[in-house]
Amino acid sequence: MNYNFTEIEKKWQDYWEKNKTNKTNDFSEKKKYYVLDMFPYPSGVGLHVGHFKGYVATDVVARIKRMQGFEVLHPMGWDAFGLPAENFAIKTGIHPEITTEKNIENIKHQMKIAGLSYDWDREINTTDKDYYKWTQWIFLKLYENNLAYKKILPINWCPSCKTGLANEEVVNGKCERCGTETTKKDIKQWILKITEYADRLLEDLDTLDWPERIKEMQRNWIGRSEGWEIDFGIEDTGRVVTVFTTRADTLFGCTYVVLAPESEVVLELKNKISNWDEVSDYIEKAKNKSDLERISEVKGKSGVELKGLKAINPINGKDVRVFVADYVLASYGTGAVMAVPAHDERDFEFAIKYDLPVIEVVRPKNGDSDISESAFIQDGYLINSDTFTDMDSESARKAIGESLKEEGFARPKINYKLHDWPFSRQRYWGEPIPIIHCNSCGIVPLEEKNLPLTLPHVDKYEPTGTGESPLAAIENWVNVKCPKCGGDAKRETNTMPQWAGSCWYYLRYLDIKNDRVFVDSEKEKRWMPVDLYVGGAEHAVLHLLYSRFWHKFLFDIGVVSTKEPFQKLRNIGLVLAHDGQKMSKSKGNVISPDSVIDSFGADTLRVYEMFMGPFDQAIGWNEQGVKGVNRFLTRVWDIVMENKNITNSSSEVVSETQKLIKKVNDDLEKMKFNTPVAFFMEYVNFIYDNKAGFGKDSAKIFIKLLFPFAPHICEEMWQLIGEQGLVSEQEWLTPDASLIKADKIILIVQVNGKVRDRMEFDSDIDQVKAEEAVRNSEVIAKWIKGKKIKKVIFAQGKLINIVA
RNA sequence: GCCGCGGUGCUGGAAUCGGCAGACAGGACGGACUUAAAAUCCGUUGGGCCUAGCCCGUGUGGGUUCAAUUCCCACCCGCGGCACCA
């Protein structure tokens with residue numbers, strides 16, 4: 001009987017579906033394990049083999065955990081709001097709902113034929129109104145708690161997508177979605193106060209089992225820095241410029257002050273500035289620069305002095321000059337800096353260019369530093385700093401800050417690079433924001449009982465480009481009566497960004513039908529947090545940061561019980577095309593799982609995806625490798641079938657089988673999937689080379705171990721060797737050390753650290769006996785002949801090294 | 001520039017509480033079967049040489065050690081992230 005994967009896989013997939021084999025019970029006696037994939041966007045081209053690398057890995061984990069006696073929650077759903085479906089609608093007039101539904105059907109089919117063991121009774125879809133009802137509900141709660149506000153802000157604008165974007169969505173000055181260069185645009189926006197959670201988002205990273213680089217990226221993105229705000233008075237104006245600095249220790253070296261071009265102070269003091277024409281020219285130019293231009297100009301600073309203005313350094317009362325320059329960012333700190341050219345690279349560069357004084361105030365502990373060529377930016381010891389001279393930088397920061405604080409010139413301050421999150425999009429295919437704008441009452445949130453606010457159908461999906469979404473054109477939807485006063489009012493027409501639905505989806509799986517509360521608290525306590533979360537690293541500062549923020553908020557209002565949503569995170573490495581390029585539709589190098597399953601079967605696909613290499617690493621697809629895995633599975637099939645009438649294995653095979661259990665368990669524990677597959681292959685090669693002695697007892701063990709990787713073939717073999725029930729119902733294995741043959745060992749024999757021989761001994765041999773045997777061996781005698789033995793190193797059971 | 005990760009045969013990779021470098025797989029080459037091909041099976045496959053055997057070899061240079069892919073120092077290269085954040 002041959003290995004007919006097509007027939008076998010169909011048979012078992014039908015069985016699992018019919019019997020709901022993978023259904024999760026909310027409350028059972030078992031311990032829980034929640035293993036989650038990042039849910040996909042249901043794209044029209046379907047998923048490629050790269051997506052499945054992650055899905056197979058979590059599926060392997062889910063299947064093992066079930067066998068280990070856990071109640072496993074392993075769900076899947078669709079993150080279906082987003083631009084591709086909307087852009088498709090613009091082109092074709094077909095409603096995104098229809099395209100989305102079709103795409104979901106296709107992808108779901110791909111997942112089923114791969115044998116992924118999701119509990120499909122828990123499928124969710126973020127565009128379902130019963131789902132986004134609760135996305136809207138969370139928004140209302142954020143609003144109620146003063147974490148959502150509306151404000152005109154110069155935000156990133158994508159001229160092609162015609163929508164505002166968050167900082168996280170702009171990559172190198174370009175729109176993350178379409179690659180168009182972004183501009184700045186003043187739009188009245190809904191903003192979420194993520195900065196309120198900056199410290200907690202930062203601190204709690206330490207409690208998470210996540211890849212270090214993802215944590216590091218979040219830390220950098222949040223960008224906390226501690227320092228001081230220091231007031232510089234502007235002479236004869238009564239006006240004050242406040243700067244932010246982390247280097248208060250260098251205050252005596254401040255030789256000028258720089259303002260951002262957007263600074264209000266500049267406009268306010270217009271009349272005092274003698275070269276106003278020049279200044280306003282500069283400001284105008286700076287404002288018109290795109291982000292991309294600014295980035296490309298990082299080297300080569302420009303600026304203009306505000307002539308007629310003098311700022312007073314509060315530490316010594318000295319006059320310093322005042323500049324505007326676009327190397328100072330309005331959006332960070334106070335939009336003004338004190339310039340210390342001797343100890344800051346940018347200030348140094350600027351000072352050289354405009355011939356400004358450079359005063360050295362910090363020296364390294366030992367020896368001199370040369371500040372004629374470049375700034376000395378490290379900490380050191382103070383010089384030229386009045387009573388603070390000789391202090392170390394760290395103490396001086398504190399001392400100078402405190403002394404100014406006493407006089408009312410300074411305050412300690414913590415700044416973040418993280419900005420609040422612009423939360424409105426001027427597009428159609430997103431969750432409507434449940435807000436009404438009333439002429440007399442202002443902003444009026446919808447009442448909870450009126451949720452969901454459903455997304456109405458429109459005729460035209462084109463973005464308007466005006467700061468309104470296409471919803472603005474539907475008059476009978478937009479125009480409403482104010483729920484408070486009954487007067488004329490309009491609905492908010494912006495929609496939520498694509499990240500909204502994914503911020504909390506992992507909670508909906510716990511309780512998908514609930515229309516009373518967004519998650520039942522017993523179920524939440526039962527299942528949270530997610531024990532293992534697997535997905536791509538590209539979400540490091542988007543989805544993963546946003547959802548942590550929402551989760552912490554939900555914790556604060558008492559609807560979830562954990563501080564963090566995802567306890568353990570692992571990233572999938574990309575699957576590249578065979579040419580080492582990224583798979584993309586445009587390059588035509590995409591491998592779909594369907595074609596692999598068709599030619600070699602789902603089990604081959606699964607085992608190959610795990611065998612390719614470490615699963616967090618980017619690796620190229622190799623069709624030959626797929627064939628190799630298929631050969632392996634065929635050989636497994638043949639061996640099991642040929643030996644199914646043998647009851648007991650030889651003691652040697654029994655021993656190898658136990659060793660296999662141990663090795664597979666050890667590596668799976670470490671989230672390694674490629675080496676267990678290699679161990680399976682080694683084992684099969686061993687059996688194949690020693691034909692006698694492989695019995696049903698060992699076959700049963702092997703089938704159980706292989707099952708999480710290749711579930712279809714294993715269920716089939718289980719049945720064919722005459723076993724009852726399903727493999728998936730069997731208990732996972734732990735090795736029995738007493739069955740591992742360990743009476744003989746191969747001792748590595750070295751002379752002066754070089755391997756000269758290998759000798760077989762009883763495993764418990766001691767140094768004295770080993771040494772004696774080794775010295776008497778012909779091979780070794782040759783090497784130590786005529787030499788004086790200085791030392792003998794003996795590593796029990798492993799190695800003996802004679803140093804001569 | 002800063003931060004993180006990495007560098008091992010022809011290729012993907014294995015081996016790090018320091019102890020046989022190259023497991024496993026692919027490819028290539030040789031052979032068996034076949035009219036032939038595919039499939040399957042057997043063998044060889046890091047480099048070198050004076051080829052029973054020895055020497056060299058894990059990015060480079062140094063160090064610690066009986067012993068280093070593994071630990072330490074300096075550097076080179078690649079990938080990813082951040083990037084005028086004061």
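None of these values were measured; they are calculated from a predicted model.
Within 4.0 Å (heavy atoms only), A:S225 reaches sugar-phosphate atoms of the nucleic acid but no base atom. Within the 4.0 angstrom heavy-atom criterion, only backbone atoms of the sugar-phosphate kind lie near A:K672; the bases stay farther away. Within the 4.0 angstrom heavy-atom criterion, base atoms lie near A:L799. A:P614 comes within 4.0 angstrom of the backbone, heavy atoms only, and of no base. The residue A:V803 sits close only to the backbone: its heavy atoms come under 4.0 Å of sugar-phosphate atoms, none of a base. Backbone-only contact: A:Y688 has heavy atoms under 4.0 Å from sugar-phosphate atoms and none from a base.
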Within the 4.0 Å limit for protein heavy atoms, which parts of nucleotides 21-34 of chain B are touched? Write it as a string from 5' to 3', B for base, S for sugar-phosphate only, - for none. S-BBSSS-------
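Positionally, the nearest nucleotide of RNA chain B for A:G613 lies more toward the 5' end than for the other of A:G613 and A:V541.
Remark: A:D209 pairs with A:R570 by the salt bridge (Lys or Arg N to Asp or Glu O under 4.0 Å) rule, at least two apart or across chains. Taking the side-chain contact (heavy atoms from CB on, under 4.5 Å) definition, one finds that A:S599 meets it with nothing, sequence neighbours left out.
Here the OH atom belonging to A:Y197 is positioned 12.5 Å from the CZ atom belonging to A:R548, to the nearest 0.5 angstrom. If you take CZ on A:F5 and OG1 on A:T634, they are separated by 8.0 Å, rounding to the nearest 0.5 Å. Between the CD atom of A:E229 and the CD1 atom of A:I414 there is a distance of 11.0 Å, given to the nearest 0.5 Å.
Side chain to side chain, A:E168 and A:W421 fail the donor-acceptor criterion of an N or O pair below 3.5 Å. Side chains of A:D347 and A:Y327: a donor-acceptor N/O pair is present below 3.5 angstrom, by distance only. In this structure, a donor-acceptor pair under 3.5 Å is present between the side chains of A:Y683 and A:T657. Judged by distance alone, the side chains of A:T675 and A:D667 do bring a donor and an acceptor atom under 3.5 Å apart.
Nucleotide B:rG9 carries a syn base; the chi torsion (O4'-C1'-N9-C4 or O4'-C1'-N1-C2) is within 90° of 0. Syn is the classification of B:rU51, since its glycosidic angle stays within 90° of 0.
B:rG81 atom C1' lies 15 Å from atom CD of A:E176, rounded to whole Å. Per the geometry, CG belonging to A:L576 stands 10 Å off P belonging to B:rG80, to the nearest Å. Counting to the nearest Å, the C1' atom of B:rG13 and the CG atom of A:D616 are 13 Å from each other. The distance between atom CZ of A:F615 and atom P of B:rG13, rounded to the nearest whole Å, is 15 Å. Residue A:I619 contributes atom CD1, which lies 12 Å from atom C1' of B:rU11 at whole-angstrom precision. The distance from atom CG of A:N752 to atom P of B:rC66 is 11 Å, rounded to the nearest whole Å. Following rounding to the nearest Å, A:N571 (CG) and B:rG80 (C1') show an atom-to-atom distance of 11 Å. As rounded to whole Å, 15 Å separates atom P of B:rC84 from atom CD1 of A:I377.
The C1' atoms of B:rA25 and B:rG9 are separated by 14 Å, rounded to the nearest whole Å. Comparing the C1' positions of B:rC55 and B:rA37 gives a spacing of 45 Å, expressed to the nearest Å. A distance of about 42 Å separates the P atoms of B:rA39 and B:rC56, rounded to the whole Å. Here the separation of B:rU11 from B:rC82, taken at their P atoms, is 31 Å to the nearest Å. If you take atom C1' in B:rU58 and the same atom in B:rG47, they sit 14 Å apart, rounded to whole Å. With P as the reference atom, B:rG18 and B:rC29 are 43 Å apart, rounded to whole Å. Straight-line distance between the C1' atoms of B:rU44 and B:rC10: roughly 15 Å, to the nearest whole Å. Atom name P, nucleotides B:rU45 and B:rA23: the rounded distance is 10 Å, in whole Å.
Heavy-atom minimum distance, A:I713 versus A:L633: CD1-O, 3.8 Å. Here the closest heavy-atom approach between residue A:F376 and residue A:V362 is recorded as CD2-O, 3.8 Å.
The stretch residues 212-222 of chain A comes close to RNA chain B through A:R213, A:E216, A:M217, each having a heavy atom under 4.0 Å from the strand.
A:Y332 has a side-chain polar atom (N or O) that falls below the 4.0 Å cut-off from OP1 or OP2 of B:rA86. At B:rG6, none of the side-chain N or O atoms of A:Q617 fall inside 4.0 Å of OP1 or OP2 (strictly under the cut-off). For A:K798, no side-chain nitrogen or oxygen approaches OP1 or OP2 of B:rG19 to under 4.0 Å.
A:K301 contributes a side-chain N or O that forms a donor-acceptor pair with the base of B:rC84 under 3.5 Å.
In RNA chain B, runs of at least 3 stacked Watson-Crick or G-U pairs (N1-N3 plus N6-O4 or O6-N4, or N1-O2 plus O6-N3, all under 3.5 Å) give these stems: B:1-7 with B:76-82, B:10-12 with B:24-26, B:27-32 with B:40-45, B:46-49 with B:53-56, B:59-63 with B:71-75.
Around atom NZ of A:K215, more than 12 heavy atoms belonging to other residues, nucleotides or ligands sit under 6.0 Å away.
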Could you go step by step and tell me if A:S225 and A:Y332 meet the side chain to side chain donor-acceptor pair (under 3.5 Å) rule? CA-CA 11 Å; A:S225 63; A:Y332 184 77; 2.9 Å; yes
Polar atoms only, N or O, under 3.5 Å: list the protein pairs with nucleotides 48-55 of chain B and their distances.
{"residue": "B:rC55", "atom": "OP1", "partner": "A:R756", "partner atom": "NH2", "Å": "3.3"}
{"residue": "B:rC55", "atom": "OP2", "partner": "A:R756", "partner atom": "NH1", "Å": "3.1"}

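A salt bridge is absent between A:E181 and A:K174; no separation between the charged side-chain nitrogens and carboxylate oxygens falls under 4.0 Å. Under 4.0 Å is where a charged nitrogen must lie from a carboxylate oxygen, and between A:E216 and A:R219 at least one such pair does.
The one candidate from A:F686, A:F632, A:F702, A:F611 that meets the ring-ring contact (aromatic ring centres under 6.0 Å, His included) condition with A:F680 is A:F702.
Under a cutoff of 6.0 Å and an axis angle of 45°, A:K663 and A:F679 form a cation-pi pair.
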